[in-house]
A.B. asks: 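Below: one structure in structure tokens.
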There are 2 protein chains.
Amino acid sequence: MAKHPSLAAVVQRLEDRGLRVTAPRLSVLAAAAAGAEDQFSAEDIESRLPQVGRATIFRTLKLLVEMDVFCRVLLDDGNLRYRWSRRGHHHHLICDSCGAIEDFTGCDVTTLMQDLARRTGFTARGHWLEVYGRCAACHSRAAVSQ
Amino acid sequence: MAKHPSLAAVVQRLEDRGLRVTAPRLSVLAAAAAGAEDQFSAEDIESRLPQVGRATIFRTLKLLVEMDVFCRVLLDDGNLRYRWSRRGHHHHLICDSCGAIEDFTGCDVTTLMQDLARRTGFTARGHWLEVYGRCAACHSRAAVSQ
DNA sequence: ATTAATGCAAATTCTTTGCACTAAA
DNA sequence: TTTAGTGCAAAGAATTTGCATTAAT
């Protein structure tokens, strides 16, 4: 799967929603694709787009998160990052060492939630899960440098 | 189990750490115990303690979270609450309807994390999980009112 | 032409800091 | 006494709002 959807696909989704395809919206998408990292902060986008107003950047980020084009990532220190969403429900594996973020969809948190409902009567509507640790690449790197 | 530990127990823990048992610290603990809700915001504490400085309240909350006397709860809307901690690793069930927060420790997220490591090579150091939904009490309430 | 979307600057919210002062040990 | 802890007011950060202006359809 590509790192992010084609511009055309996102434009289509904007149009489907009856939203305008504006220059600032296109440039936020471009700026998000431009970074070396697979993640970006509102600040990153802001500094890559000095010509776009701060408010527009925040409004656009919010819109694109609602549209599930981007997803929010909560870092261990409480800071917020954004990332292209693979769409649909998923979680993040955030590497302490290199900061890389991977998606994680395979594990079934749903089972856990169902079990929960059975035991406590609490019905889960949704949940937020972020996992912090060390990615495979950083493990190999550490092994090599020893 | 009681809603929160005895003052004496917390005082003991402060002393064990070589920290002073000050009037503001005691009043933050009292204010946290005073609320009708099982949760409280920094603002709640602030308004219950007009005589204590804002900075002291934040410093004290941070200290008590580090000491695992309180834990932080991340609400669905991104706001932060505090709550007496049952100590040790646990998660929260947050009711959309009544806002009540329950702890949840029984389910084994660890298994999920181990499975994850096996499949992706990512080693989890920690994770953050909040569950949003509807508590048993609100379910009954809804059933009755029909 | 219409009106959604933007840019700016000011306002908000939540939290932290610097520093002289106070009180716990 | 000593120095950890406090209060105040000011500084920050991260975001949001109001409103006149601009640009996409």
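Sequence lines set the chain letters: A, B, ... in the order given, protein chains first and strands last, and positions in each chain run from 1.
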A.B. asks: With a 4.5 Å cut-off on side-chain heavy atoms, are A/D103 and A/H92 touching?
C.D. replies: yes

A.B. asks: Any salt bridge linking B/R118 with B/D115? Criterion: basic side-chain nitrogen under 4.0 Å from a carboxylate oxygen.
C.D. replies: yes

A.B. asks: Do B/D96 and B/I94 make a side-chain contact, defined as non-hydrogen atoms from C-beta onward lying under 4.5 Å apart?
C.D. replies: no

A.B. asks: Going by atom types only, do A/H89 and A/H127 share a side-chain donor-acceptor pair under 3.5 Å?
C.D. replies: yes

A.B. asks: Which atoms of nucleotides 17-20 of chain C (N or O only) lie under 3.5 Å from a protein N or O atom, and what are those distances?
C.D. replies:
none

A.B. asks: If I take atom CD1 in residue B/I57 and atom C1' in nucleotide C/dT15, what distance separates them, rounded to the nearest angstrom?
C.D. replies: 12 Å

A.B. asks: Which pairs, with at least one residue in residues 2-26 of chain A and sequence neighbours excluded, count as a ring-ring contact (aromatic ring centres under 6.0 Å, His included)?
C.D. replies: A/H4-A/W84

A.B. asks: First and last nucleotide of DNA chain D touching chain B, 5' to 3', heavy-atom cut-off 4.0 Å?
C.D. replies: D/dT3 to D/dC8

A.B. asks: Can you find a pair of side-chain heavy atoms, one from A/L80 and one from A/L75, that are under 4.5 Å apart?
C.D. replies: no

A.B. asks: Any side-chain heavy atom of B/Y132 within less than 4.5 Å of one from B/E130?
C.D. replies: yes

A.B. asks: Rounded to whole Å, please give me the gap between CZ in A/F58 and C1' in C/dT6.
C.D. replies: 16 Å

A.B. asks: Once you round it to whole Å, what is the distance between P of C/dT15 and CG of A/N79?
C.D. replies: 13 Å

A.B. asks: According to a 4.5 Å side-chain heavy-atom criterion applied to Ile, Leu, Val, Met, Phe, Trp and Tyr, with indirect links allowed, do A/L26 and A/L64 form part of one hydrophobic cluster?
C.D. replies: yes

A.B. asks: Run the ring-centre check on A/F104 versus B/F122 and record whether the distance is less than 6.0 Å.
C.D. replies: no

A.B. asks: From CD of B/E46 over to P of C/dC14, roughly how many Å is that when rounded to an integer?
C.D. replies: 10 Å

A.B. asks: So if I take residues 8-33 of chain B and measure heavy-atom distances to DNA chain C, which residues fall below 4.0 Å?
C.D. replies: B/R20, B/V21

A.B. asks: Using side-chain heavy atoms (C-beta onward) and a distance below 4.5 Å, is B/F70 in contact with B/T60?
C.D. replies: no

A.B. asks: Using side chain to side chain donor-acceptor pair (under 3.5 Å), reason through A/T123 and B/H139 one step at a time and then give a plain yes or no.
C.D. replies: CA-CA 9 Å; A/T123 315; B/H139 274 301; 2.5 Å; yes

A.B. asks: Is the backbone N or O of B/S41 less than 3.5 Å from a side-chain atom of B/D44, with the two atoms forming a donor-acceptor pair by type?
C.D. replies: yes

A.B. asks: When the C1' atoms of the five terminal pairs at each end define the local axes, what inter-axis angle does the helix from C/dA1-D/dT25 to C/dA25-D/dT1 show, to 10 degrees?
C.D. replies: 30°

A.B. asks: Taking side chain to side chain donor-acceptor pair (under 3.5 Å) as the test, write out the residues that go with B/R48, two or more places apart.
C.D. replies: none

A.B. asks: Looking across every strand, which nucleic acid part, if any, lies under 4.0 Å from B/Q51 by heavy atom: base, sugar-phosphate, or nothing?
C.D. replies: sugar-phosphate

